[in-house]
Amino acid sequence: MSQRAFYVTTPIYYVSGNPHIGHAYTTVAADVMARTTRCTHETAHFLTGTDEHGQKIAENARNAGLEPQAFVDSLIPRWKSLLDAYQITNDDFIRTTDERHERGVQRAFEILRERGDIYPGKYEGWYCTNDETFWPESKLIDGRCPNPECRREVKWLSEQDWFFRLSAYNERLLAHFKAHPQWVRPQRVYNEMLAILESGLEDISITRATLSWGIPVPGGEGVIYVWFDALLNYITAIGWESPDTAQRALFERLWPANVHLIGKEIARFHTIIWPAVLWGLGLAEPTSVIANGWLTFNDEKMSKSKGNVVDPFEIAQRFTSDAVRYFLLREAPFGQDFNFSEEAVVRRYQADLGNDLGNLLNRTLTMVEKYCDGRVPAPADAANLPIAGLAGRVAASVPACNFRDALEDIWQLVTALNKMIDESKPWELKKRGETAALNACMYRLCEGLRWLAVLLHPFMPAKSQEMWRQLGFAQTPAQPWADALRWGVAAEGTHVSKGAPLFPHLETAVEGA
RNA sequence: GGCUCGGUAGCUCAGCGGUAGAGCAGGGGACUCAUAAGCCCUUGGUCGCAGGUUCAAAUCCUGCCCGAGUCACCA
């Protein structure tokens with residue numbers, strides 16, 4: 001009886017470092033998708049969370065003089081505050097240290113072991129402790145870890161581990177990729193994954209015999225490898241194999257996920273290993289996996305060593321999180337790398353947000369106050385405003401991650417409204433006493449701005465709300481589009497209440513530019 | 001080295017077989033409701049290079065140059 005809901009996820013974030021702008025990017029994209037879906041379908045379920053196991057965490061904890069659990073507990077508020085700073089409306093937040101997750105991972109392990117998809121084997125090779133990685137002899141550089149940021153000594157390890165029979169799914173994965181060329185996007189990532197499948201898969205070790213900070217192997221030694229653990233969050237969070245029947249019903253309603261949003265660096269885990277694991281568990285693969293690109297800063301890769309990591313808290317503080325959300329999704333096509341520079345943010349802020357949108361609201365409200373006694377006039381038709389099919393196009397672009405197209409479409413209405421003012425010249429209509437034409441023009445502006453508030457709400461929730469308030473409407477612009485995006489909904493007589501500019505001029509010049 | 005993607009106006013990008021496009025930036029203009037914003041007009045490109053296919057190529061094919069990514073457990 002229950003309705004299907006749109007299920008969208010972000011990666012769970014590895015808490016070994018601080019949140020940076022890239023985390024905000026993926027999360028904002030997911031949030032816009034979730035918010036839009038709530039206005040166009042009925043329900044969305046939006047999951048994000050944190051990845052807390054692994055050796056790096058254990059070491060950081062030791063350095064901090066804390067037990068791993070206490071250590072990760074201390075980090076969580078910082079990560080959750082990122083969600084607050086960016087007005088993220090996640091429905092759930094999973095931690096891999098949650099009891100529900102640990103139980104689910106162990107259950108998955110047992111099921112796969114019973115089915116023969118997990119088997120014991122010996123794993124040996126050159127191991128870099130820092131990177132938690134086995135490297136083949138051929139990869140080593142001067143006998144050291146080939147990771148340019150590591151370069152530590154490696155040691156020969158040989159241990160009894162459990163292996164996942166990934167190779168058994170090679171053919172099925174290939175067939176799935178061929179049958180669903182759109183299931184991994186962008187195309188470039190799809191191609192790379194396909195190439196890996198065509199070159200053949202080997203089984204992978206999914207436990208670490210010598211580590212202790214992780215989920216214990218059921219009835220065995222060691223812990224489950226952090227990656228195998230992490231992927232399962234998408235189902236453990238929504239009640240897979242839960243003892244609670246309500247939770248199990250949630251799972252039935254949500255799985256398979258509509259969209260896993262990921263960073264492009266983790267595509268292999270999500271498009272090759274993850275479907276195979278799900279198939280092993282008798283579950284369906286996610287409908288789509290969409291990878292976003294990297295953000296560079298002033299054309300350089302962001303890295304801690306360069307000290308050029310953009311702090312998402314600081315940037316939101318300076319420009320407002322709405323403006324940063326807008327910038328991230330408007331500046332470049334999703335899936336493509338793009339450069340983050342303060343000049344670019346300032347440009348978008350001033351040109352698109354301040355001059356086009358903010359000023360449109362401001363000049364409209366001034367005129368409504370001057371010419372219409374501060375009230376929305378009687379409804380008039382939409383004249384030539386480009387609203388036909390607009391809602392439908394945005395509703396289609398967003399779930400496909402074409403945020404840029406969506407915003408460009410919306411901005412055509414912004415531009416058209418500005419243009420209409422200049423062409424209609426309400427001040428002249430006023431002088432000549434052409435009240436009917438004046439009122440019609442002012443109505444179109446109010447109604448057009450109402451549309452904009454509704455359409456922009458998923459992208460800029462706070463600014464959209466403020467637009468809504470200044471226009472004098474009750475409640476919120478977060479409304480079902482089927483009802484709200486019809487022309488003529490703005491009620492005659494609504495009192496507008498003009499406020500401070502929506503996107504005031506930035507006080508300070510760009511620093512360090 | 002193999003493979004993948006990209007190289008189009010100063011910048012960010014769209015177009016992907018039929019007379020070169022948008023936004024921003026630059027230049028000029030008319031206006032005044034407005035956050036000196038908006039509106040109108042406009043400068044600007046041998047579509048990386050060289051061949052080929054075609055009546056017709058930015059768009060298809062080949063080679064080359066440049067940049068990025070990836071090549072198996074790197075969260």
Side-chain angles (χ1 to χ4, degrees), chain A residues 11-17 51-57 123 125 128 131-136 139 145-150 163-164 166 186-206 225-231 262-269 272-273 293-294 296 301 330-333 336-339 343-344 347-348 350-371 404-405 408 411 414-415 417-430 441-442 445 498 500-506:
Chain A
I12 49 175
Y13 300 115
Y14 200 56
V15 295
S16 69
D51 184 5
E52 306 181 11
H53 291 305
Q55 180 152 328
K56 228 175 274 180
I57 301 286
Y123 199 18
C128 171
D131 288 5
E132 291 179 54
T133 303
F134 281 96
W135 297 99
K139 281 287 187 83
C145 176
N147 177 351
E149 288 178 17
C150 179
F163 284 73
F164 175 66
L166 183 63
Q187 185 72 236
R188 175 174 8 106
V189 175
Y190 172 92
N191 290 342
E192 273 170 13
M193 296 306 118
L194 188 60
I196 289 173
L197 290 175
E198 284 173 340
S199 72
L201 298 173
E202 287 177 11
D203 295 347
I204 56 173
S205 146
I206 57 162
Y225 181 54
V226 61
W227 252 112
F228 189 78
D229 157 4
L231 283 167
I262 62 169
K264 65 178 182 180
E265 76 283 7
I266 56 178
R268 192 172 55 236
F269 293 95
I272 294 179
I273 299 175
W294 284 128
T296 56
K301 188 171 179 175
R330 174 63 184 79
E331 184 68 5
Q336 200 161 305
D337 292 355
F338 75 104
N339 187 43
E343 294 94 314
R347 251 194 322 267
R348 287 288 174 198
Q350 285 176 340
D352 298 5
L353 299 177
N355 297 349
D356 290 351
L357 179 63
N359 186 48
L360 171 63
L361 177 70
N362 199 244
R363 65 199 298 217
T364 295
L365 294 181
T366 299
M367 289 189 286
V368 171
E369 285 182 346
K370 274 191 185 172
Y371 305 149
R404 187 184 220 247
D405 293 345
E408 280 180 351
W411 242 254
V414 175
T415 300
L417 289 168
N418 271 318
K419 191 168 181 160
M420 186 180 72
I421 296 177
D422 286 83
E423 287 174 351
S424 305
K425 301 184 173 58
W427 48 95
E428 288 188 4
L429 296 175
K430 175 66 178 176
C441 177
M442 298 317 297
L445 286 168
K498 183 179 161 186
L502 206 54
F503 297 97
H505 274 298
L506 299 165

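Letters A, B, ... are given to chains in the order of the sequence lines, protein chains preceding strands, and every chain is numbered from 1.
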(message) Once you apply a heavy-atom cut-off of 4.0 Å, does A/Leu201 come out as touching a base, just sugar-phosphate, or nothing?
(response)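 Answer is base: heavy atoms of A/Leu201 come under 4.0 Å of a base.
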(request) Tell me what A/Glu265 touches on the nucleic acid: a base, only sugar-phosphate, or nothing, going by heavy atoms under 4.0 Å. (result)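 Result for A/Glu265 = base.
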(request) Please round to the nearest 0.5 Å and tell me the distance separating atom CE of A/Met420 and atom OG1 of A/Thr364. (result) 7.5 Å
(request) Starting at CZ of A/Phe269, measure out to CD1 of A/Ile204 and round the result to the nearest 0.5 Å. (result) 8.0 Å
Distance check, [atom1] atoms only: [N] and [M], in whole angstrom units.
| N | M | atom1 | value |
| --- | --- | --- | --- |
| B/G29 | B/A20 | P | 31 Å |
| B/G69 | B/A34 | C1' | 47 Å |
| B/C40 | B/C49 | C1' | 40 Å |
| B/U62 | B/A25 | P | 41 Å |
| B/G38 | B/G27 | P | 14 Å |
| B/G52 | B/C11 | P | 31 Å |
| B/A22 | B/C3 | C1' | 34 Å |
| B/C61 | B/C16 | C1' | 15 Å |

Nearest-Å distance for atom pair [atom1]/[atom2], residues [X] and [N]:
| X | N | atom1 | atom2 | value |
| --- | --- | --- | --- | --- |
| A/Gln55 | B/C73 | CD | C1' | 15 Å |
| A/Phe338 | B/G67 | CZ | P | 24 Å |
| A/Gln187 | B/G6 | CD | C1' | 14 Å |
| A/Leu194 | B/U70 | CG | P | 18 Å |
| A/Gln336 | B/G6 | CD | P | 9 Å |
| A/Phe269 | B/U70 | CZ | P | 13 Å |
| A/Met193 | B/C73 | CE | P | 13 Å |

Do [X] and [Y] have side chains that approach each other closer than 4.5 Å (heavy atoms only, starting at C-beta)?
| X | Y | answer |
| --- | --- | --- |
| A/Arg404 | A/Glu331 | no |
| A/Glu192 | A/Ile196 | no |
| A/Trp294 | A/Glu265 | yes |

(request) Nearest-nucleotide wise, let me know which of A/Arg404 and A/Ala230 is further upstream toward the 5' end of RNA chain B. (result)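 By nearest-heavy-atom nucleotide position, the 5'-most residue is A/Arg404.
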(message) Go nucleotide by nucleotide along RNA chain B from the 5' end; which of A/Ile266 and A/Glu192 gets its closest nucleotide reached first?
(response) A/Glu192
Between the side chain of [X] and the main-chain N/O of [Y], is any donor-acceptor distance below 3.5 Å?
| X | Y | value |
| --- | --- | --- |
| A/Asp51 | A/Ile12 | no |
| A/Ser424 | A/Ile421 | no |
| A/Asp203 | A/Leu166 | yes |

Nucleotide paired to [N] in any strand shown, Watson-Crick or G-U, under 3.5 Å:
| N | value |
| --- | --- |
| B/C39 | B/G29 |
| B/G6 | B/C66 |
| B/G44 | none |

(request) Could you list all the salt bridge (charged side-chain N to carboxylate O under 4.0 Å, His left out) pairs where at least one residue sits in residues 350-366 of chain A, not counting sequence neighbours? (result) A/Arg348-A/Asp352, A/Arg363-A/Asp422
(request) Ignoring backbone atoms, establish whether A/Asn339 has a side-chain N or O less than 4.0 Å from OP1 or OP2 of B/U12. (result) no
(message) Measuring to OP1 and OP2 of B/U70, would you say a side-chain N or O of A/Lys264 lies under 4.0 angstrom away?
(response)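 No, because none of the side-chain N or O atoms of A/Lys264 sits under 4.0 Å from OP1 or OP2 of B/U70.
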(request) Quick one, give me the B/S/- string for nucleotides 22-36 of chain B, reading 5' to 3', where B means a protein heavy atom under 4.0 Å from the base and S means that only happens at the primed atoms, P, OP1 or OP2. (result) --S-------SBBB-
